[in-house]
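See structure below.
Lettering of chains follows the sequences in order, A, B, ..., and the numbering in each one begins at 1.
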Amino acid sequence: MSIIERLKTLNSPQQAAVKSDAQHLLVLAGAGSGKTRVLTHRISWLLETGQAAPTGVLAVTFTNKAAREMRSRVSELLEQPVDAMWIGTFHGLAHRLLRQHHLEARLPREFQILDSDDQLRLIKRLFSELGLKDSSLQPKQAQYYINDQKDEGRRAEHIAPSADPYEQERQQVYMAYQHACERAGVVDFAELLLRAHELWRDNPALIKHYRARFRHVLVDEFQDINTIQYAWLRVLLGTEGNLTVVGDDDQSIYGWRGAKVETIQQFQDDFPGAELIRLEQNYRSTQTILAAANAVIDHNQGRLGKELWSEGAEGEPVQLYAAFNEQDEARFVAEQADAWIDSGHSANDIAVLYRSNAQSRVLEEAFMRVQLPYRIYGGMRFYERLEIRNALAYLRLVANTMDDPAMERVINVPPRGVGQKSLDKLRQLAREEGCSLWDAARLGLERKLVTGKAVTALTAFFQLLDDLRASRHELSLRQLMETTLDMTGLLEYHKAEKGERGQARVENLQELLGALDMYEVPEDGDPLTEFLAEASLNAGEGQADDHEAAVNMMTLHSSKGLEFPLVFLVGVEENLFPHKMSATDPQKLEEERRLCYVGITRAEQKLFLTYAESRRLYGQDNFNPVSRFVREIPERLLAEVRLNMQVSRPVSGVALGQDAAEGAIALGALVRHPIFGDGVVLNFEGAGPNATVQVNFDGEGIKQLVYQFAKLEVIG
DNA sequence: GACTGAGACCTTTTT
DNA sequence: GGTCTCAGTC
């Protein structure tokens with residue numbers, strides 16, 4: 001298809017965005033408005049009109065998935081591979097730069113990437129070294145602190161000393177952590193970005209080269225950008241570079257990990273004269289669903305402003321179901337999903353979205369009960385599994401003996417008799433000598449600091465690793481890994497684990513061997529180093545999808561970017577959604593609202609909102625009112641689902657009250673009390689004249705009433 | 001080094 | 001309520 005023909009498939013704002021010759025362009029792309037289409041068409045437009053060479057384009061995303069999709073769609077449009085183009089994630093591109101310029105970046109050639117888990121382990125170790133074991137500061141918090149600082153571009157030595165002891169400890173850990181990373185030649189995720197920024201900022205010749213090269217920079221999901229990523233881009237752009245950003249301030253939901261909505265909101269202040277194009281026509285949802293989404297997000301302040309519209313069908317009202325507890329809610333969702341599938345739809349077309357992972361359990365049970373297949377997004381990913389990390393840690397040591405986190409991980413896995421005592425001695429020695437744990441272990445052997453079992457164990461360990469290191473370039477990656485698994489006994493060790501766990505681990509290790517077989521060795525760079533980096537940067541999708549059709553269950557966060565004909569948004573209750581952690585802070589509350597907007601706009605045809613009058617969470621019963629977000633949806637768009645059925649009791653073995661049995665009043669019924677007003681029936685106790693009823697009254701809370709005196713009027 | 005019990009934790013997640 | 005971590009014991 002020619003460029004002209006292709007442009008005709010776009011609507012007019014989309015065309016304007018593709019063809020714009022503004023130096024700085026902000027495309028405000030609402031949910032389902034063809035954001036990726038615009039981005040990919042714009043890249044191919046720039047190339048085909050000769051405004052840019054393939055080597056002159058830098059396109060950045062946040063996830064590997066998005067990067068892959070962009071690459072394949074651009075390649076499809078251009079009908080040729082686009083290998084010359086730099087399309088990737090912020091971390092991936094930063095990594096590429098640092099490899100190419102490791103000298104200027106003051107990094108060892110074979111630096112390795114430290115992922116979150118190893119980062120935390122390292123911090124824990126530093127805690128004991130620094131004597132912070134009993135501190136009120138937790139290793140996890142220190143980890144967040146360090147990453148936050150790096151995301152803001154702050155180095156430990158640049159932070160002004162604080163008088164606050166707690167703050168001092170955090171700074172102390174940051175400092176020690178940084179030194180440990182440098183010694184080991186490892187770089188964490190945030191460090192990739194920070195280093196890449198410093199690399200460009202501090203090397204005028206280098207940045208001059210890249211500025212001349214990347215004349216066109218394009219950024220996807222710009223609302224998710226953090227401080228250091230933005231700084232990195234701005235260094236690259238200088239005054240001459242062309243920048244296109246695509247994003248939606250209403251879908252900014254990652255503020256809690258450093259993303260700054262303000263950056264997109266103030267784009268036109270940073271780049272005066274920037275062109276702003278809004279994509280507001282939605283190709284995904286019914287008009288009713290869009291109206292609901294618009295109504296909710298309209299309650300936020302400081303938006304760039306945008307109103308989604310559609311030429312599509314008006315569609316059904318949004319269904320609202322008031323369950324009386326979380327069991328009932330889950331049962332309702334499972335039954336509705338089942339009915340929809342029975343009417344000829346695929347389970348794949350259904351999504352159940354929740355605010356927090358803790359909610360998934362009850363839903364899973366309900367789905368199992370009606371025997372509906374489901375699949376849960378998120379969770380442990382391939383390269384995060386223990387056995388995989390153990391195996392890769394050996395390879396990391398083969399690549400770089402300075403890698404202390406790797407050494408710590410495998411020095412006694414599988415157990416070979418280097419216990420806590422010996423290990424402590426070796427750590428101590430490493431500290432004294434200022435050397436790696438590897439070298440310390442060598443020294444320890446020489447100086448006979450370790451005894452008995454540890455001596456034979458370490459001798460064998462070094463023999464093995466030296467052999468592996470020597471044969472590293474003769475063997476393929478697979479052979480190297482196979483030999484490692486075999487000689488270290490790691491495979492045997494995991495095989496011996498009891499139950500299905502052992503078997504699953506062995507299977508995963510075999511899959512790892514398969515992955516090494518399939519790995520395409522890059523033209524430049526060392527295969528092993530490149531593979532290890534790839535494993536960290538692209539930890540792998542969730543569990544491999546079996547090809548059976550299944551209902552999709554996931555958090556609202558992981559639903560961003562996806563769409564489904566039928567969506568259940570469950571647990572729309574105050575304290576759960578918006579989450580109580582966000583209730584007091586207006587900024588956080590707005591982010592929750594954006595999360596709600598994201599959730600609603602996932603739905604194409606039909607949307608259910610459900611909430612529970614009573615919810616058991618962390619072993620406690622909670623009675624939360626319906627979420628404010630529901631109340632922000634105009635009533636004309638909502639339809640309350642009333643089930644014409646007997647609601648089963650959650651607690652077994654307690655007889656229903658006499659009157660209840662007669663049908664005068666049911667669990668979940670709406671009742672009116674002369675004094676307390678309206679409420680919902682939560683529970684019955686006992687039978688006969690002394691039967692009591694528990695009612696959750698609006699504004700009054702929960703009351704226990706003796707039924708025969710309560711003068712309750714059933715109103716729904 | 002494996003097992004056990006007490007205690008702490010409990011929002012969202014990518015790279 | 002469930003899970004995970006850590007310290008203590010065999």
Side-chain angles (χ1 to χ4, degrees), chain A residues 60-67 88-95 113-121 124 127-128 133 138-141 144 147 150-151 187-194 196 221 224-226 228-229 252-259 326 353-362 377-381 383-384 412-421 423 453 457 493 496-498 533-542 554-561 571 575-583 585 588 591-592 594-596 598-599 615-622:
Chain A
V60 202
T61 65
F62 285 86
T63 64
N64 291 301
K65 194 172 153 210
T89 62
F90 278 99
H91 293 86
L93 297 177
H95 171 249
I113 298 169
L114 194 70
D115 65 24
S116 320
D117 188 57
D118 279 328
Q119 183 183 40
L120 186 59
R121 290 165 62 111
K124 281 184 180 160
F127 262 62
S128 32
K133 275 264 161 173
Q138 297 295 311
K140 264 250 165 60
Q141 295 169 292
Y144 295 145
N147 291 333
K150 291 190 176 189
D151 282 345
V187 163
D188 63 49
F189 288 127
E191 183 76 20
L192 285 171
L193 304 172
L194 185 51
E221 304 274 17
D224 289 335
I225 200 162
N226 71 25
I228 192 69
Q229 289 160 338
S252 164
I253 55 175
Y254 288 109
W256 50 275
R257 62 172 206 223
E326 77 284 350
L353 311 181
Y354 36 81
R355 176 66 238 265
S356 58
N357 284 311
Q359 290 168 258
S360 71
R361 194 187 187 84
V362 190
Y377 280 67
M380 192 57 81
R381 294 175 316 156
Y383 286 105
E384 287 171 356
N412 201 32
V413 174
R416 51 171 66 88
V418 186
Q420 210 56 50
K421 278 261 171 63
L423 194 47
K453 218 156 63 172
Y493 171 66
E497 281 184 88
K498 56 180 89 141
E534 164 105 5
S536 305
L537 286 172
N538 197 351
E541 313 302 292
M554 68 192 85
T555 63
L556 283 159
H557 283 89
S558 33
S559 76
K560 196 172 75 159
N575 295 323
L576 195 62
F577 188 37
H579 197 274
K580 63 170 172 295
M581 299 289 208
S582 308
D585 179 342
K588 287 185 179 169
E591 184 154 312
E592 296 275 327
R594 294 193 290 266
L595 195 53
C596 183
V598 167
R615 179 178 299 275
R616 204 173 179 84
L617 209 58
Y618 306 135
Q620 291 244 297
D621 282 322
N622 294 275

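- Remark: A:Tyr354 OH to A:Gln359 CD distance equals 8.5 Å, nearest 0.5 Å.
- Where A:Tyr254 and A:Pro415 each meet DNA chain B at their nearest nucleotide, the meeting point lying more 5' is that of A:Pro415.
- Mapping A:Ser582 and A:Thr89 onto DNA chain B via the closest heavy atom, the residue that lands nearer the 5' end is A:Ser582.
- Side-chain contact between A:Leu353 and A:Met554 is present, with at least one heavy-atom pair separated by less than 4.5 Å.
- Nucleic acid contact class of A:Gly417 (heavy atoms, under 4.0 Å, all strands): sugar-phosphate only.
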Does the pair A:Arg594 and A:Glu591 meet the rule for a salt bridge (Lys or Arg N to Asp or Glu O under 4.0 Å), with working shown? CA-CA 5 Å; A:Arg594 294 193 290 266; A:Glu591 184 154 312; 3.4 Å; yes
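- A:Glu534 comes within 4.0 angstrom of nothing in the nucleic acid, heavy atoms only.
- Between the CG atom of A:Asp115 and the OH atom of A:Tyr383 there is a distance of 12.5 Å, given to the nearest 0.5 Å.
- A:Ser558 comes within 4.0 angstrom of sugar-phosphate atoms only, judged by non-hydrogen atoms across all strands, and of no base.
- Bracketed by its first and final contacts, the part of DNA chain B lying under 4.0 Å from non-hydrogen atoms of chain A reaches from B:dG1 to B:dT15 in 5' to 3' order.
- Regarding the sugar-base torsion, B:dT12 falls in the anti class, its angle being beyond 90° of 0.
- Relative orientation of the A:Trp256 and A:His557 rings is perpendicular, given thresholds of 30° and 60° on the angle between their planes.
- Within 4.0 Å of A:Tyr618, counting heavy atoms only, lies at least one base atom of the nucleic acid.
- Ring geometry, A:Phe90 versus A:Phe62: the interplanar angle falls from 30° to 60°, so the pair is classed tilted.
- When DNA chain C is scanned in the 5' to 3' direction for atoms under 4.0 Å from non-hydrogen atoms of chain A, the outermost contacting nucleotides are C:dG1 to C:dC6.
- When heavy atoms are screened at a 4.0 angstrom cut-off, A:Asp224 is found touching no nucleic acid atom at all.
- Of the inter-residue distances, the one linking A:Leu192 atom CG with A:Lys150 atom NZ reads 9.0 Å to the nearest 0.5 angstrom.
- Annotation: the span from A:Asn622 atom CG to A:Leu576 atom CG amounts to 8.5 Å, rounded to 0.5 Å.
- Using a 4.0 Å heavy-atom criterion, one finds that A:Asn412 contacts the sugar-phosphate atoms exclusively.
- The CD atom of A:Gln229 sits 11.5 Å away from the CG atom of A:Leu194 when rounded to the nearest 0.5 Å.
- The C1' atoms of B:dT11 and C:dC6 are separated by 25 Å, rounded to the nearest whole Å.
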